[in-house]
*Asks:* 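Here's a structure for you.
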Amino acid sequence: MSSSRTRFGAYLLTDCIGQGGMAVVYRAKREGWSGFEKTVVVKAMLPALAAHREHVDRFIAEAKVAAQLSHPGIVQVNDFGVFQGTPYLVMEHLNGVNLSQMLNALAQARKRMPIPVALVVATQMCHALGYAHGFRDSSGTRRQIIHSDVSPSNVMVCRDGSVKLLDFGVAKVIDAYDYDTSATVQGKFPYMSPEQVNRLPVDRRADVFAAGIVVHEMLSGRRLFAAPTELETLRRVDACEVAPPSVYNPEVSIGLDGVVLKALARDPADRFDSGDEMAAALMQVERVGSGRQ
């Protein structure tokens with residue numbers, strides 16, 4: 001995308017690195033005394049939406065959720081403000097590529113992600129989800145934060161080997177053992193759960209289902225539910241007909257097949273209860289595969 005060096009409050013925007021339905025994301029610099037300089041990411045709300053209170057409230061809600069989260073597997077939010085009527089978030093800058101870019105590059109090269117790499121990415125992603133699912137607020141009260149948009153584009157694989165979960169923009173914060181009963185469908189259709197598609201109450205197990213889709217796609221090297229039309233995609237999600245990833249990749253073990261299929265159970269009661277439970281199952285598969293007990 002085109003380069004732009006524009007002053008935005010305390011930040012110097014250097015180039016645009018992405019745009020979604022609600023905001024534009026910039027690489028930026030925070031400058032200070034004696035040559036101090038730090039590269040950050042500024043997520044600025046689209047000006048056309050900033051005039052609508054409901055969109056601003058949603059953006060503010062994202063800031064409030066993200067600011068509470070402190071985990072090595074979740075991108076850190078450092079600042080929030082409004083500049084000339086535009087709300088913005090400031091996040092840590094990550095040196096890496098998102099999982100969608102990585103999978104697309106592998107597909108173009110007609111390669112699949114190595115199983116050990118997929119296990120590391122999957123486990124770290126699930127640990128981050130587990131932290132959100134068991135989150136405790138400042139009073140010590142346990143909540144569950146449902147990400148609601150787990151997908152390859154929201155998983156960053158950094159060059160230092162770390163994996164970061166991005167974008168809690170449609171996250172829901174509810175009581176520890178409650179459900180989100182909103183009928184609003186949010187997130188990306190190919191990574192929704194059957195209960196989201198059918199506008200049923202959802203809890204953290206919807207994130208587990210989405211994580212299962214991501215892991216299946218890493219292992220199989222192909223999209224699971226995505227179809228040429230949105231309607232067909234939703235139909236496939238609702239039908240939830242899932243072949244084990246080993247059908248497409250013979251290197252996938254029976255144990256790993258089992259973890260993925262459990263995460264992708266149509267009935268939430270048959271899935272892992274949280275991201276942490278799924279992470280523990282993935283780690284067990286890794287231990288067995290490497291001969292460690």
Side-chain angles (χ1 to χ4, degrees), residues 1-101 128 132 135 137-138 143 145-156 158-159 162 164-174 180 182 184-188:
M1 295 189 180
S2 61
S3 175
S4 61
R5 299 180 67 84
T6 304
R7 179 61 60 183
F8 189 85
Y11 302 93
L12 181 66
L13 308 181
T14 57
D15 56 294
C16 178
I17 56 177
Q19 179 173 331
M22 177 169 280
V24 185
V25 181
Y26 298 93
R27 186 178 290 108
K29 291 182 179 180
R30 179 70 163 90
E31 299 172 327
W33 293 101
S34 301
F36 172 85
E37 186 176 278
K38 184 177 180 64
T39 301
V40 296
V41 169
V42 172
K43 181 177 181 179
M45 191 171 190
L46 292 171
L49 299 181
H52 299 275
R53 188 69 234 177
E54 65 271 22
H55 295 304
V56 173
D57 287 345
R58 179 178 158 188
F59 196 83
I60 292 172
E62 175 187 358
K64 288 180 177 179
V65 170
Q68 296 179 71
L69 303 177
S70 180
H71 185 274
I74 297 176
V75 65
Q76 297 298 292
V77 171
N78 301 321
D79 193 12
F80 171 73
V82 178
F83 177 69
Q84 295 182 347
T86 300
Y88 66 90
L89 283 170
V90 180
M91 299 171 286
E92 64 176 317
H93 178 262
L94 302 174
N95 185 11
V97 296
N98 68 47
L99 185 56
S100 180
Q101 294 169 319
F135 178 73
D137 63 22
S138 56
R143 305 291 186 187
I145 297 179
I146 310 169
H147 187 286
S148 301
D149 196 16
V150 177
S151 61
S153 62
N154 282 333
V155 178
M156 180 69 75
C158 302
R159 301 192 189 281
S162 62
K164 300 268 190 175
L165 189 59
L166 312 178
D167 201 353
F168 280 78
V170 293
K172 299 284 187 179
V173 184
I174 59 177
D180 171 31
S182 169
T184 303
V185 176
Q186 295 178 316
K188 301 177 183 70

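Values reported hereafter were calculated over all heavy atoms of this structure, with side chains retained and with hydrogens, waters and symmetry mates removed.
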*Asks:* Looking at CG of Leu89 and CG of Asp167, how far apart are the two atoms once the value is rounded to the nearest 0.5 Å?
*Replies:* 9.5 Å

*Asks:* Could you grab the distance from atom CD of Glu54 to atom CG of Leu49, nearest 0.5 Å is fine?
*Replies:* 9.0 Å

*Asks:* How long is the span from the CD atom in Gln19 to the OH atom in Tyr26, to the nearest 0.5 Å?
*Replies:* 7.5 Å

*Asks:* Are any side-chain N or O atoms of Thr14 and backbone N or O atoms of Arg27, one a donor and one an acceptor, separated by less than 3.5 Å?
*Replies:* yes

*Asks:* Taking all heavy atoms of Gly73 and all of Ala128, pick out the closest pair and write down the distance.
*Replies:* O-CB, 3.4 Å

*Asks:* Using every non-hydrogen atom in the two residues, find where Phe59 and Ala23 come nearest and quote the distance to one decimal.
*Replies:* CE1-CB, 4.1 Å

*Asks:* Where is the tightest heavy-atom contact between Asn98 and Pro152, given as atom of each residue plus distance?
*Replies:* CB-O, 4.0 Å

*Asks:* Does any non-hydrogen side-chain atom of Val24 lie less than 4.5 Å from one of Cys16?
*Replies:* yes

*Asks:* Got a second to check how far Met45's CE is from His52's NE2, nearest 0.5 Å?
*Replies:* 8.5 Å

*Asks:* Mind listing the closest non-hydrogen atom pair of Tyr88 and Phe80 along with its distance?
*Replies:* O-CD1, 3.0 Å

*Asks:* With respect to Tyr11, which candidate in Val42, Val41, Thr6 satisfies the side-chain contact (heavy atoms from CB on, under 4.5 Å) definition?
*Replies:* Val42

*Asks:* Compare every heavy atom of Ala44 with every heavy atom of Thr86, then report the nearest pair and how far apart it is.
*Replies:* CG2-CB, 4.1 Å

*Asks:* Does any non-hydrogen side-chain atom of Arg30 lie less than 4.5 Å from one of Asn78?
*Replies:* no

*Asks:* Out of His71, Glu92, Gln76, which residue meets the side-chain hydrogen bond (donor to acceptor under 3.5 Å, both in side chains) rule with Lys164?
*Replies:* Glu92

*Asks:* Determine, stepwise, if the pair Asn154 / His147 fulfils side chain to side chain contact (heavy atoms under 4.5 Å, CB included).
*Replies:* CA-CA 10 Å; Asn154 282 333; His147 187 286; 4.1 Å; yes

*Asks:* Measuring from Leu12:CG to Arg7:CZ, what's the distance to the nearest 0.5 Å?
*Replies:* 5.0 Å

*Asks:* Contact between Leu94 and Leu166 at the side-chain level, heavy atoms closer than 4.5 Å - yes or no?
*Replies:* yes

*Asks:* Would you say the side chain of Val75 lies within less than 4.5 Å of the side chain of Met156, judging by non-hydrogen atoms?
*Replies:* no

*Asks:* Using side-chain heavy atoms (C-beta onward) and a distance below 4.5 Å, is Leu46 in contact with His55?
*Replies:* no

*Asks:* Which atom names give the shortest non-hydrogen contact between Gly85 and Ala50, and what distance separates them?
*Replies:* O-CB, 3.6 Å

